[in-house]
Novice: 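This is the structure I want to talk about, given as structure tokens.
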Amino acid sequence: MAQTKFDKQVEETAESLMFGIGRFLAGRPMDGVKRTDATFWRTGTRVLPKVEGRVSRSSYRAGWKRLTFRISTLAAIGAGGYQAGWVHQDTTVATAQEIWADPDPAIAVLEQAGIAAASTAAVGTAAYLALTRKRRELMREWVLPLHEALALPLRLPEQTDPRRYLHIPRNFSEDDAVIRVDVPGRLDFSKDLVVDIITTKLALEGVTFSWHLAGRETYVTVKKTRKPPAKAAFKDPKIREIVTAAKESAPVIGIGSAGRIVTVDLDAESPHILVNASTGGGKSVTLRCIACQMLHHGSLVFVLDTKRISHPWASGLPGVTYCRDIADIHDQLIALGMEGRRRTRVADDLGIDADPKAIGPRILILLEEVNATMKQLARYWEKTRESGDPKVSPAVDALNEILYMGRQLRMHVLLVAQSATARALGGPEVREQFSTRILARYSVNAWRMLAPEVHPAPKSTKHHGRAQVVSGGSARETQILFFTETEAREWATTGKKAAAAGGPALVQMHKPPADSLPDAASTTTPGLPLAPEPPASADRPADARNLTPAPAPAAAPGELAADATTTPPTPAPVDDDQAVGLREAADHHLPGITLAALRFARANDPAFPAPADKRGSAFFYRVGDLKKWARNRPRAATGTTDLD
């Protein structure tokens, strides 16, 4: 039997009624059109694509909220109707008769009720407007302009309600405020552009962005950063207490935001540190801060400084070897590489349960201006290498070995560069050995090269001593600890001595060369002004360390004695191991350096070499030690040595 039109209408009505009941109980829109990404349990944050027309606020509510509202409304209507029905049944007839007989009281009641309702509505509206004034100003001045700027980069539908994804508190400019912006989970937008728009439209300064992109909820939070202190001087008693309490393996770098102490543990976190800064960025201050703390705990420090004058505070300190000449830097790196291999064998013999200090004292290598140093090492090796030698400088290979050896050998590299490119360091794999990087006055390119994992890049500042310490995928703005040169020398010399940290063999292996030890007869004290040359005495005659060599053999007939001729004879081939007095050194081995300059250095320069021999009351010095001192003294000698 064919279905009639009436039957079809009945079926369609019943089907619509069933769907309506289902949507009602499921908390879905009654028209069946889903306009937002809201679910039964989760509130919506954005309009779905291809949705047209205005989207009401109820479309953003979670399903359970809609269901609760609907059931509550039905219950209220049912209860009111039930009560009104009972009252209406008893009073309908009487009320109608009274009103018909005397309508004036009823009219008066209606007038009073109308006035009360109008007054209530007016007061409620005024209160609502007063209470929401700041919120409306926030929407008008900040939220809507930000929404209009972000809608296109985030590809949001036009019907999107900005209040659903822009969570901006009224006090968003205060220090403790947190701004949250929900972003599409498809992640097909530029994070840099979003950051720039938020920062510009909300007029924010000194904020950090934290991106949460994993999972279903994707958003970015914006917080104000609490700036580090303007200064962090060692003379401050609180700072001195912090440095005193620091671990031997974790020197204090500085003070971060909210007064947090910024350190790096060379044993547990990062065995090597890279300092990248432009001119005037505080590289020397940073190195001085770390090195003097290491010396305080008994470490050996090797300063490889082609600039020659980067760390005058460290010159002549016990435990410090200062190399300024490229030839000495080359030789010292090779020696350090050999020591690293020796320590590897010692560690292997000691086993895994041995005390790490049994390997030897901790060694810190300060490599200044690596961009220039690497080029000079390559040129020096090109001039000195012989047939059959490798093309790559063995000093560069030794440095790479030390970087790969790591924390177990207690050898650490503190490398300084103006531009730490992979080419300057010997390859990208070498740069990856520095898991802690200190950047100051950096460019955008330098940040992307050295800290690409931290995004977006914090704005660089010209504040003196301010740097970003990048470690573990995060950057910490830090005020670097400031030691004056006098304070650095005092702190470096008042702690544990390096010689007491290792056994006799290790002490002998790492005993600084003669040019880095104070003269045995010197009266200078580290950290104090240089004293003038003491007067002559019985124990120390005026020329005690500058006596002429022993008398030469008698001259043959017809020859003049050496001390009677006015023209010195041609010097014999130089032997760097021979011991000579200062006068002979000035005349024959150190061209351009006068005897007076040698005498002054003997009395005032703590890096002047120790005597190698003594004949009577006269001191003699090894020629090689004197030449090395001449090459590495802060003010280079006039003229050249035979190595040039």
Novice: Between Phe172 and Trp142 (judged by ring centroids, cut-off 6.0 Å), do the two rings come close enough to count as a pair?
Specialist: yes

Novice: Any salt bridge linking Glu485 with Arg489? Criterion: basic side-chain nitrogen under 4.0 Å from a carboxylate oxygen.
Specialist: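 Here Glu485 does not pair with Arg489 in a salt bridge, since their nearest N and O are not under 4.0 Å apart.
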
Novice: Are Phe482 and His464 close enough that their ring centres sit under 6.0 Å apart?
Specialist: no

Novice: For Thr218 and Gly215, work out which heavy atoms get closest and say how close.
Specialist: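 Taking Thr218 first and Gly215 second, the nearest heavy atoms are CG2-O, 4.0 Å.
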
Novice: Could you tell me whether Arg180 sits above the aromatic face of Tyr219, with NZ or CZ closer than 6.0 angstrom to the six-membered ring centre and within 45 degrees of the axis?
Specialist: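 Yes - Arg180 lies over the ring of Tyr219, closer than 6.0 Å to its centre and within 45° of its axis.
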
Novice: Measure from NZ or CZ of Lys191 to the centre of the six-membered ring of Trp211 and say whether it is under 6.0 Å with the direction within 45° of the ring axis.
Specialist: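 Yes, Lys191 sits over the ring of Trp211.
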
Novice: Would Ser435 and Glu269 count as a side-chain contact (heavy atoms from CB on, under 4.5 Å) if you check the C-alpha gap in whole Å, the side-chain angles of each, and the deciding distance to 0.1 Å?
Specialist: CA-CA 8 Å; Ser435 55; Glu269 298 175 358; 6.0 Å; no

Novice: Tell me if a side-chain donor or acceptor on His297 pairs with a main-chain N or O of Ser249 at a distance below 3.5 Å.
Specialist: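 Looks like no, no N/O pair under 3.5 Å.
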
Novice: Less than 4.0 angstrom from a charged side-chain N to a carboxylate O is my criterion; do Glu490 and Arg240 meet it?
Specialist: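 Yes, charged N to carboxylate O under 4.0 Å.
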
Novice: Tell me, with the steps shown, if Val264 and Ile253 meet side-chain contact (heavy atoms from CB on, under 4.5 Å).
Specialist: CA-CA 7 Å; Val264 55; Ile253 297 178; 3.6 Å; yes

Novice: Looking at Asp236 and Lys238, does any basic side-chain N land under 4.0 Å from a carboxylate oxygen?
Specialist: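 Salt bridge between Asp236 and Lys238, a charged N being under 4.0 Å from a carboxylate O: no.
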
Novice: Which atoms form the tightest heavy-atom contact between Pro458 and Trp447, and what is the distance?
Specialist: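 Scanning both residues completely, I find the closest heavy atoms to be CD-CZ2, 3.3 Å.
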
Novice: Taking atom types as modelled and ignoring hydrogens, do the side chains of His311 and Arg288 form a donor-acceptor contact shorter than 3.5 angstrom?
Specialist: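 Result is no, nothing qualifies.
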
Novice: By the definition side chain to side chain contact (heavy atoms under 4.5 Å, CB included), identify the one residue from Thr200, Asp196, Val194 that meets it with Ile198.
Specialist: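 Among Thr200, Asp196, Val194, the one meeting side chain to side chain contact (heavy atoms under 4.5 Å, CB included) with Ile198 is Val194.
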
Novice: Rounded to the nearest 0.5 Å, what separates atom CD in Gln293 from atom OG in Ser299?
Specialist: 10.5 Å

Novice: Are Lys235 and Glu487 within salt-bridge range, i.e. N to O under 4.0 Å?
Specialist: no

